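The structure appears right after this line, and notes come after that.
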Number of protein chains: 6
Amino acid sequence: MTEEHTLVVTAHAGDFVWRAGGAIALAASRGEKVTIACLTFGERGESAAEWRAGKGLEEIKASRREEAEAAAAVLGADVRFFDAGDYPLKVSDELTHQLIELYRATQPTVVLTHTLEDPYNGDHPAAARMALDARVLAGAIGYPAEGEVVGAPPVFAFEPHQPEMCGFTPEVLLDITEVWDTKRKAMECLSAQQHLWDYYTDLGKRRGVQLKRNAGPNLGFPSSTYGEAYMRFYPQVTERLA
Amino acid sequence: MTEEHTLVVTAHAGDFVWRAGGAIALAASRGEKVTIACLTFGERGESAAEWRAGKGLEEIKASRREEAEAAAAVLGADVRFFDAGDYPLKVSDELTHQLIELYRATQPTVVLTHTLEDPYNGDHPAAARMALDARVLAGAIGYPAEGEVVGAPPVFAFEPHQPEMCGFTPEVLLDITEVWDTKRKAMECLSAQQHLWDYYTDLGKRRGVQLKRNAGPNLGFPSSTYGEAYMRFYPQVTERLA
Amino acid sequence: MTEEHTLVVTAHAGDFVWRAGGAIALAASRGEKVTIACLTFGERGESAAEWRAGKGLEEIKASRREEAEAAAAVLGADVRFFDAGDYPLKVSDELTHQLIELYRATQPTVVLTHTLEDPYNGDHPAAARMALDARVLAGAIGYPAEGEVVGAPPVFAFEPHQPEMCGFTPEVLLDITEVWDTKRKAMECLSAQQHLWDYYTDLGKRRGVQLKRNAGPNLGFPSSTYGEAYMRFYPQVTERLA
Amino acid sequence: MTEEHTLVVTAHAGDFVWRAGGAIALAASRGEKVTIACLTFGERGESAAEWRAGKGLEEIKASRREEAEAAAAVLGADVRFFDAGDYPLKVSDELTHQLIELYRATQPTVVLTHTLEDPYNGDHPAAARMALDARVLAGAIGYPAEGEVVGAPPVFAFEPHQPEMCGFTPEVLLDITEVWDTKRKAMECLSAQQHLWDYYTDLGKRRGVQLKRNAGPNLGFPSSTYGEAYMRFYPQVTERLA
Amino acid sequence: MTEEHTLVVTAHAGDFVWRAGGAIALAASRGEKVTIACLTFGERGESAAEWRAGKGLEEIKASRREEAEAAAAVLGADVRFFDAGDYPLKVSDELTHQLIELYRATQPTVVLTHTLEDPYNGDHPAAARMALDARVLAGAIGYPAEGEVVGAPPVFAFEPHQPEMCGFTPEVLLDITEVWDTKRKAMECLSAQQHLWDYYTDLGKRRGVQLKRNAGPNLGFPSSTYGEAYMRFYPQVTERLA
Amino acid sequence: MTEEHTLVVTAHAGDFVWRAGGAIALAASRGEKVTIACLTFGERGESAAEWRAGKGLEEIKASRREEAEAAAAVLGADVRFFDAGDYPLKVSDELTHQLIELYRATQPTVVLTHTLEDPYNGDHPAAARMALDARVLAGAIGYPAEGEVVGAPPVFAFEPHQPEMCGFTPEVLLDITEVWDTKRKAMECLSAQQHLWDYYTDLGKRRGVQLKRNAGPNLGFPSSTYGEAYMRFYPQVTERLA
């Protein structure tokens with residue numbers, strides 16, 4: 001039997017917390033492995049306050065890394081940093097190759113990443129592009145990299161900051177109520193972005209309300225249900241329509 | 001706990017066999033109820049051979065009904081005929097009301113119907129339109145009909161004859177391998193359309209091949225896997241990304 | 001010079017408050033006229049609590065009307081009820097004709113209505129369909145109704161409850177910060193839906209955050225900026241790109 | 001108060017005249033600054049007649065430059081040439097960086113560029129891609145370039161030669177009637193493309209006719225109204241629906 | 001061998017001239033039959049000048065009819081009037097049935113009609129809807145109407161007044177150069193709309209320019225090539241890619 | 001008169017057989033030239049069985065080449081190999097330039113290539129991207145390459161393995177019945193992929209069935225009609241609607 005392993009490919013150090021913290025905590029709570037690939041620290045594009053405070057590049061990277069490690073620990077996941085440089089993060093053969101190696105090493109059964117469109121931040125589509133390319137290449141026995149070829153794990157896009165501008169529609173609503181406190185704690189590790197804690201708490205509630213409205217004749221939801229929204233890049237394969 | 005009940009809303013008597021026979025047989029094989037609503041017998045639009053053979057309207061309707069009843073029995077489902085008249089099937093308040101009553105009587109947990117577009121057959125979108133409207137209205141306590149209001153069951157569109165012309169993409173690939181023989185037997189109940197038996201066997205194989213290509217690192221599929229393709233009208237609600 | 005007059009065409013009595021309360025209050029605050037057309041009271045589809053409490057149809061309609069009148073008064077708008085019956089609200093020649101008469105009587109310079117898609121509530125597209133049809137017909141001198149023909153006022157769709165499922169993208173972000181307190185007071189007139197007060201306050205904040213991110217090099221926004229999102233049905237006509 | 005400054009990013013030397021001459025002249029007529037960035041001279045792809053006449057590369061570039069400078073002067077704008085080489089114009093880090101410097105130097109309040117799709121000319125999407133990327137990067141304090149970070153100015157796509165093939169719909173119709181003569185004079189600076197003078201005069205009239213049909217109850221348009229069509233890349237932010 | 005017969009289904013008396021005059025004249029010039037079905041005279045929605053001049057309904061209808069008959073004669077086509085009433089033209093079973101009878105009587109090999117979207121004129125989509133429905137129903141032997149069932153002729157949408165707002169893209173560019181003078185003469189039969197003569201001459205030129213740019217390595221086009229644009233509702237069936 | 005010449009640009013050595021073998025054989029059967037550009041041998045991504053059998057890279061390339069040459073000979077086409085390396089095939093200036101030279105050398109009147117989207121194989125969009133870019137550049141007299149500039153030949157996308165996931169709709173259905181046996185023989189040259197022979201035979205039948213349903217009042221099709229599906233990248237230019 002295949003061991004479940006979720007691979008999260010993100011552009012910046014904080015992305016996995018706001019966008020997929022619930023999915024990560026849920027998987028971890030089931031005893032599954034989760035590996036987060038942070039392609040950059042978000043040192044240029046997501047650290048405005050520190051730049052304005054006059055901090056230096058290495059200092060900012062270190063602080064982003066520290067926060068992300070703390071948040072990953074709260075969620076129960078491993079995190080790997082690729083330090084590929086942000087703003088702009090560039091699609092490159094070398095970074096794609098490193099991701100291929102990660103796919104072969106981790107043998108993911110689920111992959112999470114950004115959407116392929118984001119007019120507010122080109123690093124997000126770049127990360128998604130490489131996550132998707134690497135997944136296909138890692139599955140070809142002819143591709144020269146160490147490790148076993150991987151299968152074709154389902155890939156989900158997590159929700160961007162302005163979903164409607166990124167072609168994002170919530171195709172999958174994930175019930176994260178039982179790990180909500182964990183996600184909130186992970187968000188609070190990102191101390192520089194305190195204004196987002198409530199913003200993403202509100203979003204969790206909103207997606208929870210929608211989840212209940214789409215949940216069928218199931219009356220068991222608590223009044224404060226929290227949700228996360230995802231899109232699929234590939235068809236769902238299932239043995240049961242539900 | 002809610003009892004599982006699949007409601008299939010179709011325009012013509014044979015539709016449920018070609019398009020959803022696998023899903024129906026799977027549900028029945030799990031001991032769940034399945035109710036098929038055939039809004040018409042397909043007496044005008046789907047019975048060209050009989051018309052050319054000079055048969056009369058009532059005779060044709062009886063023969064369509066008989067075939068559909070036999071196929072439903074093979075699949076393990078109940079079938080209800082509404083005899084609303086095809087070619088064209090018209091969207092009407094009265095027929096929608098009858099469907100609302102059926103929703104409230106059956107309390108479906110899953111609904112299957114046609115796509116909302118079909119440039120080759122306007123009866124299909126009409127049936128889908130009413131299936132969707134009735135689902136919403138049946139859920140409103142203020143709507144005057146007998147029975148308990150229903151929840152918001154997920155709705156799936158089954159695959160039309162020319163999928164790419166109907167805006168259909170296979171969002172969900174259902175593994176029907178284990179009930180394939182049952183589906184084939186049900187198809188063979190539709191003796192007037194023998195040329196479609198192989199056509200839909202080929203389609204089952206094609207969707208099975210695609211299913212395996214999207215199934216992730218799961219190597220357990222038999223070489224002849226059969227699939228059916230579906231679209232969702234509403235977001236999937238889940239407790240696990242997979 | 002044309003007198004500014006905003007016409008709001010909605011399906012149910014409460015819609016104008018949640019979805020367009022800010023736009024209405026802004027227009028009224030500039031001394032402009034606003035007329036709200038409520039095609040139904042939302043008596044069947046939007047009054048579940050009262051039905052569960054055993055109230056009767058007329059009683060429910062009266063209570064919806066009362067709330068809507070109070071909210072309209074807070075916002076500074078006139079409200080007209082058409083009592084066309086909801087769940088389902090049907091597109092009809094007669095109701096369209098009444099709207100044509102209203103267009104000719106009010107000579108609107110801006111029109112607000114629902115989106116043409118809403119898989120959760122068919123009354124909304126029906127109202128939008130009639131609002132749009134009536135606008136075109138009211139502009140034809142050959143159409144037999146009293147009053148002067150109207151021009152071609154811009155039409156905006158306000159934001160539905162689940163925007164991504166209705167094909168809604170926020171093409172226009174309206175800054176409603178200065179009338180936010182008025183909108184909140186109007187929401188509080190809808191006492192049966194207290195759980196939505198905070199829900200739509202959160203939405204107002206979210207759209208406000210997005211508004212600031214799209215507002216260009218304009219640093220004058222207060223930290224709590226509120227917004228409402230709209231789509232256009234027709235091209236914007238302007239003398240200046242901004 | 002922010003000073004208004006329009007930045008126009010184009011692939012070839014003549015593009016700004018045919019596609020945005022009216023917007024440029026309008027802005028200049030209001031006393032605002034306009035800077036045009038011509039990434040190439042269009043020396044290979046837009047100069048067929050000269051190549052057929054046996055002219056050399058530098059000669060052609062010089063003649064394109066001269067025409068563009070003359071047209072820009074007529075419109076009242078500054079023009080900067082980047083000489084990045086056309087057919088193909090390639091997206092590059094270096095050119096993007098130069099545009100970032102231009103954004104920071106000019107602090108644009110409005111940006112105009114090509115569409116992101118154009119199956120007839122890949123240089124256009126390349127220019128648009130860099131214009132959009134540079135806008136985002138220029139707004140990040142962490143991006144290492146001189147000058148103040150920029151806000152998030154609205155970006156408009158001007159109309160391509162075959163709009164329907166480029167996903168272009170006229171979301172914004174700009175009334176350029178009062179500067180029409182100026183635009184015509186600027187077109188006439190492009191002496192090698194005389195056959196386009198009437199072509200784009202006809203287009204101006206066509207967009208003018210459509211502008212009047214979408215202009216609402218405003219009867220003040222002259223019979224020969226001229227228009228230019230634009231799309232938005234980002235939501236409009238406004239204090240008034242109109 | 002099947003006799004070629006083009007059926008044109010239009011909402012108003014003048015539509016066939018502006019939108020499909022070239023295709024009609026071309027077919028007629030090849031000796032083929034063309035039948036035009038005018039569902040209404042355009043008496044309310046397309047006759048503003050006459051209404052303003054105080055003319056009566058019957059008088060307006062007569063004048064529209066006369067013009068259309070003259071234009072059809074110039075083009076070489078038969079025209080049939082259904083007088084179904086415009087603004088609004090309603091989709092109805094009765095009118096659809098009349099069209100079915102016309103399909104069976106004419107056995108069309110090509111069908112031309114409006115687009116299914118037109119936010120400026122709801123009569124156009126209504127006519128297209130019935131043209132398409134009737135085509136499918138006329139092909140069913142079980143549908144009770146006189147005459148032989150029809151095949152599945154290709155259907156083309158002609159170009160609406162504001163193509164980009166109607167989801168229209170020019171999928172097919174028809175070279176009408178050789179019948180241009182005939183089309184122009186037919187336009188001149190519509191004396192009340194003289195301002196459109198030049199407008200549609202300009203459009204013919206514009207589509208001609210685009211035709212040449214998409215015509216492949218064929219250098220034989222005259223400098224003034226005229227074109228008409230069409231969309232397909234169904235796949236093209238061919239024995240040769242070209 | 002222009003000599004007809006079909007240029008097929010594909011990513012991997014086998015693509016032209018499964019996807020366009022019918023079109024190629026048809027053109028050849030009319031005495032026209034066909035040139036196939038195989039950008040890679042499919043040595044890494046399309047040769048899993050050989051890799052698993054322990055074969056080496058050069059051996060695999062040789063075997064792919066041999067099969068492709070045999071299949072091309074059966075179909076009656078020339079094949080050129082570019083050996084650009086697959087999985088991933090990268091878009092590059094150099095390879096694009098080689099294609100430009102091929103365009104100028106062959107002066108194609110029809111071009112066939114992949115779709116621009118394919119989430120299962122990034123090599124396909126890369127090949128299509130270069131085929132399209134090269135076509136535009138080869139037509140510019142200013143582009144520095146040998147040979148005459150080319151016109152603007154129509155470009156068709158052939159059908160990908162999972163059409164609905166690649167945005168593919170069958171806009172053109174090509175009747176390949178008369179060359180079916182030739183296509184089958186060419187498929188049988190690809191001995192390593194025997195499981196696909198029947199798969200693509202089934203697809204040929206399916207597209208044939210659809211072809212007949214869209215073919216109009218033409219009753220002459222044999223019961224086993226075979227088809228291939230294509231999309232157009234550019235508008236069709238024609239002298240006759242059909």
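The basis for the numbers below is simple: all heavy atoms, side chains too, and nothing from hydrogens, waters or symmetry mates. Note that the coordinates shown come from a computational prediction; the quantities given were computed from them, not determined experimentally.
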Winner by heavy-atom pair count (cut-off under 4.5 Å) against chain C, out of T169(D), L26(D), L211(D): L211(D)
Top of E171(D), R213(D), R240(D) for chain C proximity - count of heavy-atom pairs under 4.5 angstrom: R240(D)
Residue pair Q236(D), Q236(C): steps toward the side-chain contact (heavy atoms from CB on, under 4.5 Å) verdict: CA-CA 10 Å; Q236(D) 179 189 7; Q236(C) 178 189 7; 3.4 Å; yes
With only heavy atoms counted, which part of [X] is less than 4.5 Å from chain C, the side chain, the backbone, both or neither?
X: L112(D); value: side chain
X: E32(D); value: side chain
X: L241(D); value: both
X: A242(D); value: backbone

Engaged part of V110(C) at the chain D interface, taking heavy atoms whose separation is under 4.5 Å: side chain
Under 4.5 Å from a heavy atom of chain D, the part of L174(C) involved: both
Let me check something: any side-chain donor-acceptor pairs from residues 137-157 of chain C under 3.5 Å, sequence neighbours excluded? List them with distances.
residue : atom : partner : partner atom : Å
Y143(C) : OH   : H97(C)  : ND1          : 2.7

Heavy-atom pair with the smallest gap, counting every atom of L173(C) and P235(D): CD1-CB, 3.9 Å
Ionic contact status for E239(C) with R30(D), cut-off 4.0 Å: no
Steps toward side-chain contact (heavy atoms from CB on, under 4.5 Å) verdict (T238(D), V172(C)): CA-CA 7 Å; T238(D) 186; V172(C) 181; 3.6 Å; yes
Side chains of R232(D) and R232(C) in contact at under 4.5 Å (non-hydrogen atoms): no
